[in-house]
There are 2 protein chains.
Amino acid sequence: MVKRPGQATKSSASGRPVMVLLEALGKRWALRVIWELSNNNPCTFRELQSLCEEVSPTSLNNRLKDLRQLGLVELTSHGYALTNYGRSLSDLLLPLDRWANDWADWLA
Amino acid sequence: MVKRPGQATKSSASGRPVMVLLEALGKRWALRVIWELSNNNPCTFRELQSLCEEVSPTSLNNRLKDLRQLGLVELTSHGYALTNYGRSLSDLLLPLDRWANDWADWLA
DNA sequence: CTTGACGCTACGTAAATTGTAGCACAATAA
DNA sequence: TTATTGTGCTACAATTTACGTAGCGTCAAG
């Protein structure tokens with residue numbers, strides 16, 4: 001399904017890590033799932049579903065498979081949670097919230 | 001096509017800016033185009049195409065339409081370029097390169 | 001005028017995503 | 001035992017998105 005760093009993908013023949021990452025994060029709901037997990041940790045499948053606008057279970061499961069394979073998310077006994085690496089990635093994304101607010105003001 | 005902050009989308013009924021952003025960045029080639037433009041500024045349509053693994057012109061054009069509508073990219077007399085806001089967003093994404101390298105080492 | 005580069009579109013095909021229904025399993029309560 | 005509830009998740013048909021190829025219209029240079 002999803003490709004790991006080093007593996008050639010349609011969006012990155014080189015397999016260069018950042019390209020593989022950008023492709024993985026560019027799939028629908030990927031960024032959103034990471035975002036929601038960073039604020040709701042851990043989280044059941046159905047909780048995640050409702051946090052993500054009632055996304056279809058098929059899509060959510062596909063995305064979760066990807067993120068688990070990439071070592072960003074894991075399924076624990078208490079539900080889905082970010083791994084340490086997933087957490088470090090979500091930390092990098094945190095500034096997007098403030099940025100988006102400024103952006104929205106500017107666009108308005 | 002793409003939605004702007006404040007507008008309800010399938011991925012964000014609220015229209016909350018960060019959600020709209022995450023949805024926009026979650027479309028294929030969106031992150032990659034921003035990434036390539038941050039290193040190649042400005043850039044012709046065909047240059048962008050080859051930087052993005054020969055993405056189809058249909059897809060590239062759709063994504064560029066989105067990004068222009070969101071005020072992140074503009075078409076200047078010298079080619080496609082990030083706007084000031086687009087640049088400030090790409091600056092937030094820069095750390096992803098280093099992060100992805102560490103991540104790849106850890107996954108290996 | 002022809003050649004080349006530009007941004008971009010048309011069109012048919014392939015792939016991803018969706019919505020709905022519901023399965024298999026485990027824990028809880030009657 | 002039986003029923004109920006909650007869990008993660010799958011099947012399937014339909015819609016939406018992305019794709020690959022060909023090529024258009026424009027413009028500047030030769």
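Here the structure is a predicted model, which means the values were calculated and not measured. Throughout, a chain's letter reflects where its sequence line sits, starting with A, and its residues are numbered from 1.
Rounded to a whole Å, the CD atom of B:Glu53 is 16 Å from the C1' atom of D:dA18. The CH2 atom of B:Trp29 sits 6 Å away from the P atom of D:dC19 (whole-angstrom rounding). Distance CD (B:Glu23) to P (D:dT16): 15 Å, rounded to an integer number of Å. Taking atom NZ on B:Lys65 and atom C1' on D:dT17, their separation rounds to 14 Å, with Å as the unit. To the nearest angstrom, C1' of C:dT17 lies 16 Å from CD of A:Glu54. As rounded to whole Å, 15 Å separates atom C1' of D:dG23 from atom CG of B:Asn61. Between A:Leu60 atom CG and C:dA16 atom P there is a gap of 18 Å when expressed in whole angstrom units. Between A:Leu48 atom CG and D:dT7 atom P there is a gap of 12 Å when expressed in whole angstrom units.
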How far apart are the C-alpha atoms of A:His78 and A:Cys43, what are their side-chain angles, what is the distance that settles it, and do they pass the side chain to side chain contact (heavy atoms under 4.5 Å, CB included) test? CA-CA 7 Å; A:His78 300 83; A:Cys43 207; over 6 Å; no
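Ionic pairing of B:Asp97 and A:Arg16 is present here: one or more N-O contacts between side-chain nitrogen and carboxylate oxygen are shorter than 4.0 angstrom.
The phosphate of C:dT17 (OP1 or OP2) has no side-chain N or O of A:Thr58 nearer than 4.0 angstrom. Within the 4.0 Å cut-off from OP1 or OP2 of C:dT17, not a single side-chain nitrogen or oxygen of A:Asn62 is found. Residue B:Arg63 has no polar side-chain atom (N or O) positioned under 4.0 Å from OP1 or OP2 of D:dT17.
Projected onto DNA chain C by closest heavy-atom contact, B:Glu47 and B:Pro57 fall at different nucleotides, the more 5' of which corresponds to B:Glu47. When the nearest nucleotides of DNA chain D are assigned to A:Arg28 and A:Phe45 by heavy-atom distance, the more 5′-ward of the two goes with A:Phe45.
Without hydrogens or angle criteria, B:Glu53 side chain to A:Ala13 main chain gives a donor-acceptor distance under 3.5 Å.
Between B:Thr83 and B:Arg68, the side chains place no donor N or O within less than 3.5 Å of an acceptor N or O (distance only, hydrogens not considered).
For C:dG7, the base has a donor-acceptor partner in the side chain of B:Arg46 [N/O atoms by modelled type, under 3.5 angstrom]. At a cut-off of 3.5 angstrom, the base of C:dA5 holds no donor-acceptor pair with the side chain of B:Thr44.
Side chain of A:Ser59, nearest nucleotide from D:dG8, D:dA22, C:dT17: C:dT17.
Classified by interplanar angle (parallel below 30°, tilted 30° to 60°, perpendicular above 60°), the ring pair A:Trp99/B:Tyr85 is perpendicular.
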